[in-house]
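All remarks here apply to the structure that follows.
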Amino acid sequence: STIPVASFVQTLSGFDEGDLKSRVEKLKIRSMLLVTFEFDQPKTLPYRTLIFPEKEIFFNRLFEQNEYSRETVQPGKSVIVADITLPRGDARMSVPDEDIIKQVRIDLAKLGYIRVDKITKASVKRVEFAYVVPDSETRQQLYEINHILKKISNLQIMGRFAAGEYDNSDYAIDNGLTLGAMISGRISKME
């Protein structure tokens with residue numbers, strides 16, 4: 001199964017799922033709002049991806065889709081996506097699209113380098129299961145849940161939200177170490 005374990009446990013019948021349900025409630029899972037804007041210009045952001053840890057900005061990441069693949073965007077247009085990560089079950093996941101788009105648009109204008117007057121379309125997508133928070137409590141609960149589920153002999157648990165085997169932080173740490181090595185002169189830019 002690759003079904004998110006929080007949903008999978010709800011589908012079990014004829015199986016003592018009481019302990020499983022209490023463990024699932026302890027999992028920390030992040031949801032995400034993806035707010036997409038199409039612009040009437042070929043490029044919008046100064047870099048392909050920008051990170052915003054500031055609390056004053058509604059989104060925490062912007063990326064320009066056409067910088068990843070030009071084939072996914074119409075010629076002469078650009079598309080940026082604002083990621084808004086939230087705890088699973090957060091009330092902001094139910095805010096109307098128009099309100100979310102309005103807030104993100106206001107914050108885009110604050111940045112000073114995005115021409116919001118060039119926006120031609122906007123949309124919102126909701127992703128209930130976006131990231132497993134890899135803290136020690138969540139890892140322990142996933143370990144226990146998967147141990148209990150091994151009682152089902154023909155079940156294999158796999159993937160990001162079933163086994164919790166997804167963690168973007170190793171990629172970020174590796175890139176940080178590589179950048180530090182380049183800046184300090186231990187490796188060349190080519191490496």
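Keep in mind it's a predicted model, so treat the numbers as computed, not measured. Note that these values count all heavy atoms, side chains included, but never hydrogens, waters or copies made by symmetry.
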Hey, is the main chain of V116 close enough, under 3.5 Å, to the side chain of R105 for a donor-acceptor pair?
-> yes

Transitively linked via ILVMFWY side-chain contacts under 4.5 Å: L108 with I100?
-> yes

Donor-acceptor pair, side chain of S184 and main chain of G180, under 3.5 angstrom = yes

Across all chains, not counting sequence neighbours, the ring-ring contact (aromatic ring centres under 6.0 Å, His included) partners of F63 are Y68

Between the side chains of S78 and Q41, does any donor sit under 3.5 Å from an acceptor?
-> no

So, do V127 and L34 sit near enough that their side-chain heavy atoms are less than 4.5 Å apart?
-> yes

E128 and R88 ion-paired at < 4.0 Å | yes

Shared ILVMFWY cluster between I57 and I106, side chains joined below 4.5 angstrom?
-> no

How long is the gap from CG on L111 to CG on L45, to the nearest 0.5 Å?
-> 9.0 Å

Are more than 12 heavy atoms from other residues, nucleotides or ligands located less than 6.0 Å from atom OH of Y47?
-> no

ILVMFWY network linking I148 to V5, side-chain heavy atoms under 4.5 angstrom | yes

If a pair satisfies salt bridge (charged side-chain N to carboxylate O under 4.0 Å, His left out) and one of its residues is in residues 36-45, list it, with sequence neighbours excluded.
-> D40-K77, K43-E67

Side-chain heavy atoms of L12 within contact of L149, under 4.5 Å | yes

Just by modelled atom types, is the K28 backbone N or O under 3.5 Å from a matching donor or acceptor in the T138 side chain?
-> yes

Does E64 reach the side chain of P46, with side-chain heavy atoms less than 4.5 Å apart?
-> no

Let me see the working for T85 and F59 under side chain to side chain contact (heavy atoms under 4.5 Å, CB included), right down to the final yes or no.
-> CA-CA 8 Å; T85 54; F59 46 85; over 6 Å; no

Between D107 and Q103, is any side-chain donor less than 3.5 angstrom from a side-chain acceptor?
-> yes

Spell out, as yes or no, whether a donor-acceptor pair under 3.5 Å connects the side chain of Q141 to the backbone of L27.
-> no

Joint cluster assignment, F37 & I51, ILVMFWY side-chain distance < 4.5 Å | no

Tell me, do V35 and D83 make a side-chain contact under 4.5 Å, heavy atoms counted?
-> no

So does D97 pair up with K125, basic N to acidic O under 4.0 Å?
-> no

Flag yes if I84 and I119 sit in one hydrophobic cluster, no otherwise; membership is Ile, Leu, Val, Met, Phe, Trp, Tyr, and two members link when side-chain heavy atoms are under 4.5 Å apart.
-> yes

Which word best sums up how the rings of Y143 and H147 line up, parallel for under 30°, tilted for 30 to 60°, or perpendicular for over 60°?
-> parallel

Closest non-hydrogen atom pair between F39 and R115, with its separation = CE2-O, 3.4 Å

Between CD1 of I157 and CD1 of I152, what distance do you get to the nearest 0.5 Å?
-> 7.5 Å

What distance separates R61 CZ from T49 OG1, expressed to the nearest 0.5 Å?
-> 6.0 Å

Answer yes or no: is there a donor N or O on one side and an acceptor on the other, between the side chain of N146 and the main chain of L142, under 3.5 Å?
-> yes

Contacts of F8 that satisfy ring-ring contact (aromatic ring centres under 6.0 Å, His included) - sequence neighbours left out = none

Can any side-chain N or O of R126 pair as donor or acceptor with the backbone N or O of M93 at less than 3.5 Å?
-> yes

To the nearest 0.5 Å, what is the distance between NZ (K121) and CD1 (I101)?
-> 13.0 Å

Smallest heavy-atom separation, S31 atom then G89 atom, equals OG-N, 4.4 Å

Going from CD1 on I29 to OH on Y131, what distance comes out if it is rounded to the nearest 0.5 angstrom?
-> 14.0 Å

Less than 4.5 Å apart, any side-chain heavy atom of V81 and any of L62?
-> no

Might you confirm whether atom CD of E144 has over 12 heavy atoms from other residues, nucleotides or ligands at distances under 6.0 Å?
-> yes

How many angstroms lie between atom CG of L33 and atom CG of N60, to the nearest 0.5 angstrom?
-> 10.0 Å

Hey, are D19 and R23 close enough for a salt bridge, meaning a charged N less than 4.0 Å from a carboxylate O?
-> yes

K110 atom NZ: more than 12 heavy-atom contacts under 6.0 Å = yes

